[in-house]
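Have a look at the structure below, then the notes.
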Amino acid sequence: MKKYSILFVDDDTRLLSALRRLMMTRAVEWSCQYSASPEEALALVTTQHFDVVVSDMQMPGMDGAALLQEVRIISPDSIRIVLSGYSRTETIARVAGPAHQYLAKPCPSDTLFDVIQRSLMLREFFNSPVLRRMAGALTALPSPSGKYASLLALLDSPVSNATDIAQAMTGDVAMVAEILKLTNSQYFSLATKVTSVDQAVRILGVEIIRLLVLNVGIFSMFKATGPAARVMNMVEARGLLLANAAAERASVIGGTQRDIQFARIAGMLSEIGMLILLDRDPDHYTLALSKAVASGQTVAETEQRLLQVTHGDLGAYLLGTWGFNDDVVWAVAAISPSAPTEARNSVVARALLSARTLHPLEQALKAVFSEPTAAHA
């Protein structure tokens with residue numbers, strides 16, 4: 001039986017001792033190490049592999065955010081979790097990028113166990129090292145230049161309000177994912193899941209969003225042009241199309257209001273893995289997509305053959321490590337040829353698969369590459 005390796009980092013030696021006692025109940029499944037300083041932790045990460053790194057935020061010298069930033073570079077496939085007792089604004093601003101998830105201190109042991117266990121379950125299913133490195137190395141999801149510029153202009157205006165900002169972010173796949181990741185984190189401990197950008201913006205507030213975008217760089221501008229830019233625009237338009245279609249299908253097949261809300265999110269984020277691949281190497285990925293169109297193969301088959309990863313698996317893994325609801329994660333994963341049967345059984349997954357059947361990705365890409373300028377790019 002494989003034992004997963006977990007590193008806990010906290011300068012409070014009493015807390016580390018408590019964690020040591022707590023984790024003894026998982027000694028059969030988990031191999032845990034404990035470090036009282038970020039410098040010692042970095043030395044360990046350099047010489048050993050850890051599936052999960054859990055760090056306190058407030059430490060002398062290098063804080064938890066800076067430590068996890070280094071962990072992302074040294075070991076991008078490690079899942080990174082931060083524990084913090086800081087004020088909301090400061091915590092979000094510092095850890096929004098390097099941490100997959102963040103928990104508030106004091107953290108109930110059940111919550112900590114659940115978050116780690118779910119992270120390890122994701123690694124068990126999405127066991128491709130290529131996929132985990134790609135998702136783990138991500139710094140910021142890209143947004144089309146026009147939408148990014150519009151958001152910057154709004155945030156730079158002294159009269160911008162939450163409604164205007166939410167409206168600007170709603171149609172953008174990257175912004176929707178990031179803003180829902182933040183507000184649905186365990187740090188906020190909200191009674192119900194946030195399922196709309198409008199709700200998320202009001203929870204965070206304009207000033208925090210301004211700080212995250214202008215100072216922290218939570219979003220990035222997609223700078224590629226030509227076919228890659230057209231693929232990016234297709235992903236954005238397709239997100240809105242599938243969000244509405246999946247929500248409608250969930251309603252038709254008798255889903256609850258919760259199912260409909262999650263189907264809408266799953267539809268919006270269904271192609272989020274394409275953003276990671278576009279950001280990583282826009283020319284190479286666009287060429288792979290054009291080969292899929294020319295060959296008549298599915299996008300997933302071509303991605304697996306040429307890139308050793310599919311955008312469905314990549315997107316689902318990213319959303320899973322970010323703490324998105326399981327129904328959303330498995331609905332996004334359901335398009336993958338390797339997806340288990342159970343991934344396709346929920347109302348949310350069935351609704352999204354139905355929406356994708358009505359609006360095939362290959363057909364949308366055919367339109368992208370049939371544009372006159374695409375053939376000569």
Side-chain angles (χ1 to χ4, degrees), residues 76-77 79 100 121-138 141-142 173-174 177 227-228 231-232 234-236 238-239 241-242 246 265-322 324 326-346 348-366 368-369:
D77 74 329
I79 292 177
H100 289 112
M121 180 273 295
L122 288 166
R123 294 181 68 83
E124 188 74 31
F125 180 80
F126 299 102
N127 57 13
S128 162
V130 174
L131 179 151
R132 295 198 303 233
R133 283 196 299 271
M134 281 188 185
L138 181 72
L141 286 166
V173 174
V231 171
M232 166 65 80
M234 181 277 295
V235 172
E236 295 287 304
R238 187 167 168 77
L241 176 69
L242 291 181
I265 293 172
M268 186 71 200
L269 304 181
S270 60
E271 318 291 16
I272 194 170
M274 296 182 78
L275 297 188
I276 302 173
L277 293 166
L278 276 170
D279 184 62
R280 184 179 177 84
D281 191 340
D283 293 335
H284 187 206
Y285 185 51
T286 303
L287 179 60
L289 294 176
S290 69
K291 287 181 177 179
V293 170
S295 68
Q297 282 190 316
T298 67
V299 169
E301 290 169 339
T302 303
E303 288 172 337
Q304 190 61 55
R305 178 169 57 86
L306 298 179
L307 308 173
Q308 289 77 56
V309 65
T310 69
H311 77 271
D313 281 352
L314 188 56
Y317 179 72
L318 178 72
L319 295 174
T321 60
W322 282 3
F324 273 73
D326 283 344
D327 282 350
V328 172
V329 172
W330 292 115
V332 172
I335 65 167
S336 169
S338 61
T341 303
E342 54 268 28
R344 301 182 173 92
N345 285 344
S346 73
V348 176
R350 286 188 286 128
L352 180 55
L353 286 169
S354 178
R356 294 180 66 91
T357 301
L358 289 170
H359 307 285
L361 174 58
E362 289 73 18
Q363 186 175 315
L365 284 170
K366 195 172 291 185
V368 169
F369 290 107

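These numbers come from the heavy atoms of this one structure, side chains and all, not from hydrogens, waters or symmetry mates. It should be emphasised that the depicted structure is a prediction, and the values quoted were computed from it without experimental measurement.
Side-chain contact check for Met134 versus Val130: some heavy-atom pair is nearer than 4.5 Å. Using a 4.5 Å heavy-atom cutoff, the side chains of Glu303 and Val309 are not in contact. Residues Leu306 and His284 are not in side-chain contact: their nearest non-hydrogen atoms beyond the backbone lie 4.5 Å or more apart. Two residues are said to be in side-chain contact when any heavy atoms from C-beta on lie closer than 4.5 Å; Glu362 and Val299 meet this criterion. A 4.5 Å side-chain heavy-atom check between Leu307 and Thr302 finds every atom pair outside the cut-off. Contact annotation: the side chain of Leu289 approaches that of Met274 to within less than 4.5 Å [non-hydrogen atoms, C-beta and beyond]. Between Met232 and Glu236, the closest side-chain pair of non-hydrogen atoms falls below 4.5 Å.
One distance of note links CE of Met234 with CG of Leu365; it measures 4.0 Å at 0.5 Å rounding. One distance of note links OG1 of Thr310 with CG of Leu131; it measures 7.5 Å at 0.5 Å rounding. The structure places CG of Leu278 at 10.0 Å from CG of Asp283, a figure rounded to the nearest 0.5 Å. Distance check: Lys291 NZ to Arg305 CZ gives 7.5 Å after rounding to the nearest 0.5 Å. Taking CG of Leu138 as the reference point, atom CH2 of Trp322 lies at 6.0 Å (rounded to 0.5 Å). To the nearest 0.5 Å, atom CG of residue Asp313 and atom CD of residue Gln304 are 7.5 Å apart.
Smallest separation of non-hydrogen atoms from Leu277 and Tyr285: CD1-CE1, 3.5 Å. The heavy-atom pair separating Gly273 from Leu314 by the smallest distance is O-CD2, 3.8 Å. The heavy-atom pair separating Leu352 from Ala331 by the smallest distance is CD2-O, 3.6 Å. Here the closest heavy-atom approach between residue Ala266 and residue Val328 is recorded as CA-CG1, 4.1 Å. The shortest non-hydrogen separation linking Ala246 to Ala355 is N-CB, 3.7 Å. The two atoms that bring Ala228 and Pro282 nearest to each other are CB-CB, 3.9 Å, heavy atoms only.
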Could you go step by step and tell me if Asp77 and Arg123 meet the side-chain contact (heavy atoms from CB on, under 4.5 Å) rule? CA-CA 9 Å; Asp77 74 329; Arg123 294 181 68 83; 3.4 Å; yes

Given the rule in the side-chain contact (heavy atoms from CB on, under 4.5 Å) test, do Leu318 and Phe324 qualify, once you have shown the distances and angles that lead to the verdict? CA-CA 9 Å; Leu318 178 72; Phe324 273 73; over 6 Å; no

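In this structure, Glu271 contributes its side chain and Val235 its backbone to no donor-acceptor pair below 3.5 Å. Within the 3.5 Å criterion, the main-chain N or O of Leu353 finds a donor-acceptor partner in the side chain of Thr357. A donor-acceptor pair is defined here as one N or O able to donate and one able to accept, closer than 3.5 Å; no such pair exists between the side chain of Arg238 and the backbone of Ser270.
Ring geometry for Trp330 versus Phe125: interplanar angle over 60°, hence perpendicular rather than tilted (30 to 60°).
For CZ of Arg280, the number of neighbouring non-hydrogen atoms (other residues, nucleotides, ligands) closer than 6.0 Å is 12 at most.
Qualifying salt bridge (charged side-chain N to carboxylate O under 4.0 Å, His left out) partners for Asp279, counting only residues two or more places apart in sequence or in other chains: none.
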